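As structure tokens, the structure follows; a few thoughts come after it.
Chain A is the first sequence line, chain B the second, and so forth, proteins listed ahead of strands; every chain is numbered from 1. Keep in mind the model is a prediction, meaning the values are calculated, not measured.
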Amino acid sequence: IDNMRTQLKKMGLSYDWDREFATCDADYYRWEQLVFLKMMEKGLAYKKSSSVNWCPDCQTVLANEQVEDGCCWRCDNDVVQKELEQWFFRITDYAEELLGWIDRLEGWPESVLTMQRNWIGKSIGCEIDFRIDGSDVKIRVFTTRQDTLYGATFMSLAPEHPMARKLAVGEQKEAVESFIARVARQDKAKRTSDDYEKEGVFTGSYCINPVSGRRMPVYVANFVLMDYGTGAVMAVPTHDQRDFEFARKYDLPLVVVIQPPEALDPATMTEAWTGPGCMANSDRFDGLDNESAKEKIADYLEAEGIGKKAVNFRLRDWGVSRQRYWGTPIPVIYCGACGVVPVPEKDLPVVLPTDVSFTGEGGSPLAALDSFVSVDCPKCGKAARRETDTFDTFVESSWYFARYACADYDRGVLDKAKAEYWMPVDQYIGGVEHAVMHLLYARFFTKILRDLGLMDVDEPFINLLTQGMVCMETKSCPEHGWLYPEEVVDGQCAKCSQKVATGRNEKMSKSKKNVVDPDHLIARYGADTARMFSLFASPPEKDLEWNEQGVEGCYRFLNRVWRAVFDNLELIRDVPPATSAEGKGVELRRVVHRTIRKVTEDIDGRFHFNTAIAAIMELVNAIYLFDEKREHPEVMREALETVVTLLTPFVPHIAEEMWGELGHASRLSTGRWPSWDEAALVEENILIVVQVNGKVRGKVTVAADATSEAVEKAALEDPNVARFIADKTVRKVIVVPGRLVNVVAT
RNA sequence: GCGGGCAUGGUGGAAUUGGCAGACACGCCAGACUUAGGAUCUGGUGCCGCAAGGCGUGGGGGUUCAAGUCCCUCUGCCCGCACCA
């Protein structure tokens with residue numbers, strides 16, 4: 001933290017350092033613990049046993065969002081499934097609201113909104129009960145395709161489904177048991193991989209299709225997921241590709257219930273038909289188009305008490321327990337007599353102890369620390385045991401911005417009056433990798449804080465800018481492994497002089513040491529050049545391969561500006577900046593005010609600092625080429641002061657210095673942003689491009705207020721244009737006012 | 001498989017609404033100044049061509065007076081989701 005703070009200050013970044021805090025300070029997380037207790041009271045935080053993603057290397061649980069390609073997002077090792085008691089936040093209660101508000105987040109990039117929509121994954125359909133043949137027991141399925149119900153010819157259960165074992169009868173019993181055991185041994189990563197073969201086993205039981213009356217064999221199938229819907233799927237092989245493959249493999253019957261214009265024949269079908277069509281083999285619904293049949297069948301199922309309309313979300317509750325040391329202790333005590341007892345508010349914070357020993361073998365060292373674990377039950381006073389899990393660190397990052405802006409220092413979580421003033425955040429910035437984790441959790445937590453009465457805010461961030469990722473080559477030495485860029489000298493390892501291997505461009509990461517340390521740029525060129533270079537390289541939302549070619553150009557430019565100011569100090573010492581001009585001064589003033597407009601518009605809302613800086617460079621070039629500075633010292637002063645002022649946000653130090661040299665006692669950084677003078681932008685004559693059949697053939701200068709007729713006349717008189725239409729007939733002339741003329745001639 | 005994004009000179013990038021493609025910079029080339037320059041200033045620099053001119057924004061097709069921009073299609077790369085019933 002100290003190192004980062006020093007670097008940020010070196011770069012001259014303007015934070016309000018008085019508000020600084022670390023989320024690992026007890027002064028911060030004590031309020032998080034308080035929010036947790038309030039969530040427990042409302043049932044928004046709860047404990048349950050569930051199959052969780054477990055990283056055997058880190059010895060901790062991971063959220064679904066933290067499993068990447070079946071591997072731990074931290075250590076990249078394989079993740080396995082494990083049954084554990086865990087704390088959860090009931091984010092699913094907010095699924096509908098989180099989804100609904102997405103449409104109102106107009107200041108967010110569409111890509112992020114799409115990812116959140118998909119992640120929440122709302123599906124509208126029906127829950128339908130299928131009775132087991134010869135019993136009153138029912139299996140409930142969820143489907144979005146109730147229009148295909150008459151075509152359901154078998155049933156598939158997840159191997160973890162509680163009915164799977166119970167329905168195994170007769171000689172199938174053994175087969176089902178061994179199948180379930182076999183699937184259970186496979187980890188989730190493997191089960192969801194591309195080439196995982198769809199397999200299943202017949203239970204020996206049948207269920208009854210509630211509308212067609214068909215006797216449907218019940219299978220246990222490896223592709224059915226227990227944690228989506230009900231863990232049971234009605235299989236319609238004609239209209240679902242997975243069911244189709246499964247039916248072909250196990251020779252199960254096919255019934256076409258949706259006929260496209262070119263009628264399907266079950267005997268010759270090679271794949272499921274998932275498109276629209278006309279209902280068939282569906283009793284009273286025959287002849288309807290399948291879309292309207294969806295609604296009618298849903299109504300019918302409800303009326304008959306067979307099923308009901310239902311909505312399903314892909315979103316799962318957020319598991320927040322972690323077996324990590326670094327985190328906020330979960331403020332709960334386990335008592336043999338009283339059960340789960342929340343830590344009383346007056347006993348907060350539960351401070352993370354620092355006298356722990358690290359074994360290096362994973363797992364939390366808190367569990368081994370008796371002074372932390374052993375505690376008296378707050379209810380009955382008997383010996384009890386403290387929770388040793390800590391929160392997922394995403395909990396801390398879910399509300400730090402609110403605390404940063406609206407801390408009610410020693411008195412509470414947030415100061416509502418401050419929240420009224422500061423929240424929501426006007427402009428949030430982060431990498432796109434946060435699209436479904438941090439940004440969804442922060443939205444959820446904001447709604448929690450609102451519903452606990454802590455602030456009246458629905459959404460945390462009005463505008464979101466997703467920064468592109470910065471990539472860089474990795475370098476490695478056969479002996480010393482990954483190397484920082486500064487450890488490579490002339491392609492050799494600085495430690496052992498062996499040849500260094502260059503890897504591909506990858507996202508910057510500390511572990512691979514392909515990181516940019518601003519210090520060396522600052523040391524060599526100063527903070528202003530370092531700032532300007534990183535802003536000038538590309539627009540912020542774009543990915544960038546870091547490359548320091550070009551930093552010299554920024555350094556050169558700042559020197560050029562410096563000289564422009566100092567070489568003209570004498571000339572402009574006693575003159576005020578121009579407010580109008582004559583002759584050639586008008587042209588320079590036009591560039592000055594055009595630049596003010598361009599820079600202002602590029603910064604405000606667009607964040608295109610690269611083009612803003614380019615525009616200032618053009619102004620500086622114009623100043624260098626201005627050959628009547630002796631005649632127009634006021635215009636020179638206005639131009640130079642404008643350059644310095646416009647540069648302030650990018651290179652504040654040198655700008656402030658030059659401002660002082662220009663004779664000002666005031667501080668630029670607290671001064672006013674310049675505005676452009678419309679009058680200075682007015683042009684008497686404008687250049688019109690003349691095309692013949694869409695190709696540029698000439699350019700004419702006309703009065704800015706020239707009529708279309710006059711522009712057309714001037715265009716046709718241009719010698720080169722005349723040459724190109726000489727042996728042709730002019731069919732049409734298009735005049736775009738202020739821009740171009742296109743002569744269509746054949 | 002589904003969803004999203006990207007593709008422009010030797011390089012980073014510009015073109016905000018369909019209207020001069022390549023702004024600005026890096027690099028390169030030339031000239032000036034200089035004992036010298038890796039400093040500075042000026043000019044040049046998409047490709048082909050002596051020129052006139054032609055070609056040119058991943059490929060192909062289309063709409064339009066006019067397409068980097070809109071539509072269709074294909075290819076490549078990146079990101080997210082992924083047996084979601």
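Nucleotide B:rG9 is shown with a syn base, its glycosidic torsion being within 90° of 0.
Ring-centre distance between A:F533 and A:Y555: not below the 6.0 Å cut-off. Note: A:F246 and A:Y219 meet the aromatic proximity criterion, with ring centroids under 6.0 Å apart.
With B:rG4, B:rC83, B:rC41 as the candidates, the nucleotide lying closest to the side chain of A:Y624 is B:rC41. Listed nucleotides B:rU16, B:rA25, B:rG13 differ in distance to A:S538; the shortest reach to its side chain belongs to B:rG13. Comparing B:rG19, B:rA85, B:rA25 by their nearest atom to the side chain of A:S123 picks out B:rA85. Closest to the A:N720 side chain, of the nucleotides B:rU17, B:rC65, B:rG53, is B:rG53. The side chain of A:L225 lies closest to B:rA85 when the candidates are B:rG3, B:rU16, B:rA85. Side chain of A:L687, nearest nucleotide from B:rA25, B:rA85, B:rC20: B:rC20. Of the candidates B:rA25, B:rA23, B:rA21, B:rA21 carries the atom nearest the A:V696 side chain, counting heavy atoms from C-beta on. Distance from the side chain of A:R563 is smallest to B:rC41 among B:rC26, B:rC41, B:rA23. Closest contact between the side chain of A:L625 and the listed nucleotides B:rU42, B:rA82, B:rG80 involves B:rU42. With B:rG4, B:rA23, B:rA85 as the choices, the nucleotide that has an atom nearest any side-chain atom of A:Y228 turns out to be B:rA85.
Using a 4.5 Å heavy-atom threshold, the side chains of A:F223 and A:D243 count as touching. Looking at A:T274 and A:Q241, their side chains never come closer than 4.5 Å, going by heavy atoms from C-beta outward. Contact of the A:R556 side chain with the A:N559 side chain is not registered, since no non-hydrogen atoms from C-beta on lie closer than 4.5 Å.
Checking B:rC81 for Watson-Crick or G-U wobble geometry (two distances, each under 3.5 Å) identifies B:rG1 as its partner. Pairing of B:rA30, defined by two Watson-Crick or G-U wobble distances under 3.5 Å, is identified with B:rU42. In a base pair of the Watson-Crick type (N1 to N3 plus N6-O4 or O6-N4) or a G-U wobble (N1-O2 and O6-N3), with each distance short of 3.5 Å, B:rU64 is matched with no nucleotide. With both pairing distances under 3.5 Å, B:rG49 is matched to nothing as a Watson-Crick or G-U wobble pair. Both distances falling under 3.5 Å, in either a Watson-Crick or a G-U wobble arrangement, occur for no nucleotide opposite B:rG37. Pair check for B:rG22 finds none; no Watson-Crick or G-U wobble contact set falls under 3.5 Å. Searching all strands for a Watson-Crick or G-U wobble partner of B:rU57 with both distances below 3.5 Å returns nothing.
Rounded to a whole Å, the CD1 atom of A:I616 is 16 Å from the P atom of B:rA14. Spacing between atom CZ of A:F536 and atom P of B:rA25 amounts to 7 Å, rounded to whole angstrom units. Protein atom CZ of A:R117 is 19 Å distant from nucleotide atom C1' of B:rA82, rounded to whole Å. Distance CD (A:Q691) to C1' (B:rC65): 9 Å, rounded to an integer number of Å. Rounded to an integer number of Å, the gap from A:F724 CZ to B:rC65 P is 21 Å. Protein atom CD of A:Q116 is 12 Å distant from nucleotide atom P of B:rC81, rounded to whole Å. The CG atom of A:L544 sits 10 Å away from the C1' atom of B:rG13 (whole-angstrom rounding). Spacing between atom CZ of A:F626 and atom P of B:rC41 amounts to 19 Å, rounded to whole angstrom units.
The only member of A:V700, A:V692, A:V711 that meets side-chain contact (heavy atoms from CB on, under 4.5 Å) when paired with A:V741 is A:V711.
A:R314 has no side-chain polar atom (N or O) that falls below the 4.0 Å cut-off from OP1 or OP2 of B:rG3. A close approach under 4.0 Å does not occur between any side-chain nitrogen or oxygen of A:R723 and OP1 or OP2 of B:rA52. At least one side-chain nitrogen or oxygen of A:N621 sits closer than 4.0 Å to the OP1 or OP2 atom of B:rA25. For the OP1/OP2 pair of B:rC6 and a distance below 4.0 Å, the side-chain nitrogens and oxygens of A:K542 include no atom meeting the criterion. Considering only side-chain N and O atoms, A:N610 lies under 4.0 angstrom from the phosphate OP1 or OP2 of B:rA14. Taking 4.0 angstrom as the limit, A:K695 places a side-chain polar atom (N or O) nearer than this to OP1 or OP2 of B:rC55.
Between B:rC71 and B:rG5, the distance separating the two P atoms is 11 Å to the nearest Å. Taking atom C1' on both B:rG12 and B:rG27, the two are 11 Å apart, rounded to the nearest angstrom. Atom P of B:rU11 sits at a distance of 15 Å from the matching atom of B:rC28, rounded to the whole Å. Going from the C1' atom of B:rU42 to that of B:rA66 covers 37 Å, rounded to whole Å. Here, B:rA7 and B:rU57 have their P atoms 14 Å apart, quoted to the whole Å. A distance of about 12 Å separates the P atoms of B:rA14 and B:rU8, rounded to the whole Å. Taking atom P in both B:rU73 and B:rG1, the straight-line distance is 16 Å, to the nearest Å. Using C1' as the reference atom, B:rG9 and B:rG44 are 15 Å apart when rounded to the nearest Å.
Among the protein residues, A:D602 comes within range of the nucleic acid bases, having at least one heavy atom under 4.0 Å from a base atom. Looking at heavy-atom distances under 4.0 Å, A:K122 makes no contact with the nucleic acid at all. Heavy atoms of A:G121 sit nowhere under 4.0 angstrom from any nucleic acid atom. Among the protein residues, A:R731 comes within range of no part of the nucleic acid, since none of its heavy atoms lies under 4.0 Å from any strand. At a threshold of 4.0 angstrom between heavy atoms, the contacts of A:N742 include nucleobase atoms, whether or not backbone atoms are also involved. Using a 4.0 Å heavy-atom criterion, one finds that A:V744 contacts the sugar-phosphate atoms exclusively.
Nucleotides of RNA chain B nearest to A:R560 and A:G694 differ in position, and the one nearer the 5' end is that of A:R560. Remark on RNA chain B: of its neighbouring residues A:Q549 and A:M115, the 5'-side contact belongs to A:Q549, judged by nearest-heavy-atom nucleotide.
By the 6.0 Å and 45° rule, A:R314 does not stack over the aromatic ring of A:Y228.
For the pair A:R630 (side chain) and A:D627 (backbone), a donor-acceptor distance under 3.5 Å is absent.
Within 3.5 Å, no donor on the side chain of A:K732 pairs with an acceptor on the base of B:rC65, nor the reverse.
Salt-bridge formation is not detected for the pair A:E127/A:K309: no Lys NZ or Arg NE/NH1/NH2 atom is positioned less than 4.0 Å from an Asp or Glu carboxylate oxygen.
Note: A:Y441 and A:W318 have parallel aromatic rings, judged against thresholds of 30 and 60 degrees for the angle between ring planes.
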